Amino acid sequence: MNSSDTLAARIASTPDTHTSLPVPSTPPSQADLTEALDFVRQHHREHPEQTVPLHTRLRQVQRQFDETGTYRHTTEELTFGARVAWRNSSRCIGRLYWNSLQVLDRREATTPEEIHEHLITHLRRGTNGGRIRPTISVFAPDTPDRPGPRVWNDQLIRYAGYRRPDGSVVGDAAYTDFTDLVQRMGWNGPGGPFDVLPLVIATHDTKPQLFDLPADAVLEVPLRHPDHPWFAELDLRWHALPAISNMRLRIGGVDYPLAPFNGWYMGTEIGARNLVDEDRYNLLSLVAACLGLDTSDEATLWRDRALVELNVAVLHSFSEAGVRISDHHTESRRFLTHLEKEERAGRTVPADWTWIVPPVSGGITPVFHRYYDEADQNPNFHLDDDARDRGRGRCPYGHDRQR
Ligand code: ARG
């Protein structure tokens with residue numbers, strides 16, 4: 001079977017998109033200073049072992065703010081702030097290990113080339129030969145004189161989606177606009193279903209530039225099924241590292257627009273969403289057909305059966321390849337452990353039920369059967385509308401108006 005043709009035939013296309021304008025960065029305010037001082041207090045409360053006394057640090061921050069409109073985090077503050085931003089990520093089920101986040105301080109990097117080098121180092125250190133380590137790289141913050149650098153991609157590793165004349169798509173259908181965009185910028189993709197997209201890196205002083213990722217920095221796992229040899233012939237694969245690159249990290253009133261972070265995958269992200277959503281790889285009917293299921297009637301539950309086998313294949317393939325991944329039952333239990341630990345520490349855990357409950361077998365995971373505290377806390381990660389649009393190839397500077 002020619003798998004890419006089969007895939008292409010099964011993949012849905014996405015509708016055309018529009019452009020949006022860049023959002024100007026906002027000047028520092030009294031609210032930012034208040035947030036800064038609150039953060040410094042929080043840091044001292046949770047880490048009382050500081051050599052600089054709280055009142056001294058508060059005065060320093062206040063003075064820097066008065067003189068420059070911002071302040072510089074110490075390395076310890078940056079590390080603590082990034083870890084707490086993860087702890088406060090209400091959509092993340094994997095927060096039990098928030099305090100072991102590896103924080104790479106990249107605030108001094110200025111050129112796109114330097115940034116690219118650091119991003120590759122991030123991929124290697126985060127991937128760690130398959131023993132994935134939660135890692136964040138923090139680049140320069142926005143300041144009153146200059147905005148920090150950005151990466152347009154929504155994740156460091158994503159697959160291209162090529163639109164065909166008949167409206168079908170080869171690859172990840174969610175990335176057709178982004179693929180069009182980088183092609184207009186000069187990228188020449190090979191046209192396969194799993195081509196890693198180049199990075200678009202933009203700084204205050206430079207136009208957005210394309211950078212390829214070296215193949216040896218991108219660990220991928222070919223998918224096979226423990227009981228169905230034909231599954232491997234579908235030639236499916238997925239990348240080992242989910243590394244979100246378009247969320248702004250905000251710590252104590254300071255915005256870091258480029259602070260890519262990774263954890264390890266929970267199997268359902270790949271096996272129940274990326275390969276299954278109708279506007280992604282849309283593979284459920286193909287898998288059902290290969291399994292020989294009766295798809296003539298919803299009540300045969302062919303969708304559910306195909307979904308489970310796809311998820312079995314993802315978990316099996318990753319663990320056989322020595323790449324860290326977890327199943328949704330294990331990750332749900334860990335999340336309840338996290339809730340208990342945080343409660344013992346006297347903290348509440350902001351959580352969004354609609355994101356925490358896994359997309360497969362929700363009701364048989366313990367996270368389903370309760371309510372959560374929803375109030376947002378600081379520090380945190382934020383997805384701005386313009387960053388979301390850029391990550392999906394809706395370029396705010398009008399590059400894609402030339403179509
Ligand atoms: N769901 C996203 C993806 O499939 C990744 C989000 C972050 N996931 C994680 N396990 N840290 O690529």
Side-chain angles (χ1 to χ4, degrees), residues 82-83 85-98 100-103 122-123 125-128 130-137 151 153-161 171-175 178 194 196-197 199 213 218-221 223 236-249 259-283 307 310-311 313-315 317-319 323-332 334-335 338 351-352 354-360 365 367 380-383 387-388 391-392:
R83 289 176 174 171
W86 182 14
R87 188 174 86 196
N88 287 335
S89 294
S90 55
R91 296 173 162 187
C92 176
I93 194 174
R95 287 178 271 168
L96 178 59
Y97 305 111
W98 67 272
S100 63
L101 178 67
Q102 162 172 239
V103 181
H122 181 133
L123 293 181
R125 291 184 58 175
T127 305
N128 193 26
R131 292 176 308 282
I132 297 188
R133 278 200 68 180
T135 301
I136 185 168
S137 296
V151 159
N153 311 59
D154 62 3
Q155 289 197 31
L156 297 181
I157 305 172
R158 269 326 206 198
Y159 296 123
D172 194 334
Y175 291 90
F178 195 87
F194 296 100
V196 175
L197 286 162
L199 293 174
L213 293 177
V218 180
L219 183 59
E220 292 179 283
V221 179
L223 302 184
L236 304 176
R237 58 209 283 119
W238 204 257
H239 51 89
L241 201 78
I244 293 177
S245 47
N246 66 343
M247 292 185 83
R248 167 169 57 88
L249 166 63
F261 58 88
N262 76 269
W264 57 83
Y265 264 116
M266 182 164 85
T268 57
E269 299 182 82
I270 304 164
R273 302 298 311 279
N274 300 345
L275 296 177
V276 168
D277 281 1
E278 290 184 3
D279 57 358
R280 302 292 301 283
Y281 280 82
N282 193 24
L283 287 170
L307 187 64
L310 194 45
N311 278 276
V314 169
L315 291 170
S317 309
F318 270 62
S319 46
V323 176
R324 190 168 191 181
I325 192 161
S326 53
D327 65 83
H328 46 293
H329 303 286
T330 304
E331 212 54 65
S332 295
R334 283 188 190 141
F335 187 66
H338 173 61
D352 179 341
T354 64
W355 278 68
I356 296 295
V357 172
V360 176
T365 64
V367 294
N380 217 319
F381 293 100
H382 303 270
L383 182 53
R388 175 188 279 121
R392 290 301 160 103

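Values in this document were obtained by computation on a predicted structure and should not be read as measured data. Counting starts at 1 for both ligands and their atoms, in listed order. The first residue of the sequence shown is numbered 1, and numbering continues consecutively from there.
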Identify the heavy atoms of L241 and H239 that sit nearest to each other, and give their distance.
O-ND1, 3.0 Å

Set of residues that line ligand 1, where lining means a heavy atom lies under 4.0 Å from it
Q155, R158, P242, I244, G263, W264, Y265, E269, N274

Sidechain-backbone polar pair: N246 side chain, N153 backbone, donor-acceptor under 3.5 Å
no

One pair to check against side chain to side chain contact (heavy atoms under 4.5 Å, CB included): W238 and L275. What are the steps and the verdict?
CA-CA 9 Å; W238 204 257; L275 296 177; 4.0 Å; yes

Hey, are the side chains of F261 and T135 touching, using non-hydrogen atoms and a 4.5 Å cut-off?
no

Is there a donor in the side chain of T268 and an acceptor in the side chain of H328, or the other way round, less than 3.5 Å apart?
no

Nearest heavy atoms of Y265 and I325, plus distance in Å:
O-CG1, 3.2 Å

